[in-house]
Colleague: 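Below is the structure I would like to discuss, written out as structure tokens.
Positions are given from 1, in the same order as the sequence printed here. Bear in mind the structure is a predicted one, so any value in this text is a computation, not a measurement.
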Amino acid sequence: RYIGWWGEGEVKIYLDGDKENPSLCGTGTEDYIGTGWGQGFYIGKYQGSHLVDDEKGLNGFYRYHVLDPVQFNEDCKVTIQQIGGTSRENVKKMIAENLPLKPVFVIVPDKTQYNLLDGKYSMDYEMFSDKNFVGFYRQDDVCATSYFYLNKPTNDLPKLPDFETRNANLGTK
């Protein structure tokens with residue numbers, strides 16, 4: 001239906017006690033995984049996109065930090081903002097259907113970006129057309145795997161929760 005583009009969100013990496021601001025912050029999911037201006041199928045040594053199904057809205061990608069390791073001592077938290085985008089026309093249809101989203105910005109043909117979160121502009125601003133690109137917070141199902149190396153063969157990490165706890169919020173089809 002109105003799946004639209006999903007990759008506007010920044011990858012943020014919080015290290016060793018970061019709370020308000022991350023140590024590392026990207027410019028968009030597609031940039032983090034080595035593409036830009038969209039997403040297509042490709043396989044690389046350290047990053048790639050091995051699943052692209054626009055019809056079903058499914059994407060899979062990977063990024064290995066081999067050449068640019070993320071080092072930390074105590075803790076590491078990685079987040080991806082769930083921001084996507086499509087035409088203003090599609091966003092208005094999704095809002096009418098009560099889909100869970102929140103418009104964030106509008107980009108007009110001269111590439112000017114209007115912030116919708118500060119209250120100065122709304123989706124109904126007379127300068128916007130239905131063809132303008134609208135970025136919006138969205139809700140996606142996201143799964144991740146992380147690998148890390150320890151500096152010695154033993155550790156005092158806490159035991160992983162049981163299978164049921166780790167998978168409690170996963171939907172079934």
Side-chain angles (χ1 to χ4, degrees), residues 2-54 56-86 91 94 99-105 107 113 115-118 133-173:
Y2 318 110
I3 294 168
W5 173 236
W6 54 270
E8 291 298 315
E10 298 169 339
V11 174
K12 297 179 180 183
I13 302 177
Y14 298 83
L15 302 173
D16 294 330
D18 288 342
K19 298 292 182 222
E20 188 174 331
N21 297 308
S23 290
L24 303 168
C25 185
T27 57
T29 308
E30 77 276 22
D31 297 326
Y32 180 72
I33 56 177
T35 66
W37 299 95
Q39 187 64 37
F41 178 86
Y42 78 100
I43 301 294
K45 190 172 184 179
Y46 302 111
Q47 56 207 32
S49 180
H50 59 286
L51 170 64
V52 178
D53 186 335
D54 291 332
K56 293 181 181 176
L58 299 174
N59 291 269
F61 56 86
Y62 60 95
R63 164 78 186 265
Y64 299 121
H65 285 273
V66 174
L67 301 176
D68 58 344
V70 176
Q71 298 181 7
F72 60 96
N73 292 309
E74 299 293 327
D75 59 85
C76 175
K77 178 174 98 171
V78 180
T79 65
I80 299 177
Q81 284 180 306
Q82 293 185 331
I83 299 179
T86 188
V91 171
M94 290 188 284
L99 295 178
L101 63 90
K102 180 176 183 174
V104 177
F105 61 84
I107 299 176
Q113 181 170 310
N115 181 359
L116 301 178
L117 297 178
D118 63 10
F133 183 84
V134 175
F136 57 91
Y137 290 127
R138 51 187 286 153
Q139 295 180 8
D140 296 301
D141 289 332
V142 176
C143 297
T145 301
S146 177
Y147 301 96
F148 64 95
Y149 295 94
L150 299 171
N151 60 355
K152 58 187 179 229
T154 61
N155 68 71
D156 55 358
L157 294 171
K159 183 179 176 187
L160 288 175
D162 63 37
F163 178 84
E164 288 77 24
T165 302
R166 292 192 320 264
N167 293 281
N169 294 321
L170 295 178
T172 58
K173 292 189 177 196

Colleague: Which heavy atom of Trp5 sits nearest a heavy atom of Arg138, and at what distance?
Modeller: O-NH1, 3.4 Å
Colleague: Just by modelled atom types, is the Glu10 backbone N or O under 3.5 Å from a matching donor or acceptor in the Gln81 side chain?
Modeller: yes
Colleague: If you define the side chain from C-beta out and look only at heavy atoms, does anything of Trp6 sit under 4.5 Å from Thr29?
Modeller: yes
Colleague: Taking atom OH of Tyr64 as the centre, does the number of heavy atoms from other residues, nucleotides or ligands within less than 6.0 Å exceed 12?
Modeller: no
Colleague: So which heavy atom on Phe163 is nearest to which on Asn167, and how close?
Modeller: O-ND2, 2.9 Å
Colleague: Check whether NZ of the Lys or CZ of the Arg Lys77 lies under 6.0 Å from the centre of the six-membered ring of Tyr14 and within 45 degrees of that ring's axis.
Modeller: yes
Colleague: Is there a side-chain contact between Leu67 and Lys45 (heavy atoms, below 4.5 Å)?
Modeller: no
Colleague: Does Leu58 offer a backbone N or O that forms a donor-acceptor pair with the side chain of Asp53 under 3.5 Å?
Modeller: no
Colleague: Below 4.5 Å, heavy atoms only, C-beta onward: do Asn59 and Leu51 meet side chain to side chain?
Modeller: no
Colleague: Under 4.5 Å between any side-chain heavy atoms of Asp18 and Lys12, yes or no?
Modeller: no
Colleague: For a quick test of reading the model, state the closest non-hydrogen atom pair linking Ile13 to Cys76 and the distance between them.
Modeller: CG2-SG, 4.0 Å
Colleague: State the CZ-CD1 distance between Phe61 and Ile80, to the nearest 0.5 angstrom.
Modeller: 4.0 Å
Colleague: Nearest 0.5 Å, please: how far is CG in Leu101 from OH in Tyr137?
Modeller: 12.5 Å
Colleague: Heavy atoms only: give me the nearest Gln82-Asp140 pair and the separation to one decimal.
Modeller: NE2-O, 3.0 Å
Colleague: Can you list the residues that meet the side-chain contact (heavy atoms from CB on, under 4.5 Å) rule with Asp31, with sequence neighbours excluded?
Modeller: Thr27
Colleague: Just wondering, do Phe105 and Asn115 contact through their side chains at under 4.5 Å, heavy atoms?
Modeller: no
Colleague: Taking all atoms of both residues into account, what is the closest heavy-atom pair of Pro103 and Leu117, and its distance?
Modeller: O-CD2, 3.9 Å
Colleague: Hey, could you give me the CD/NZ distance between Gln139 and Lys102, rounded to the nearest 0.5 Å?
Modeller: 12.5 Å
Colleague: Got a donor-acceptor contact below 3.5 angstrom from the Asp16 side chain to the Asp75 backbone?
Modeller: yes
Colleague: Measure across Arg63 and Tyr32 and return the closest heavy-atom pair with its distance rounded to 0.1 Å.
Modeller: NH1-O, 2.6 Å
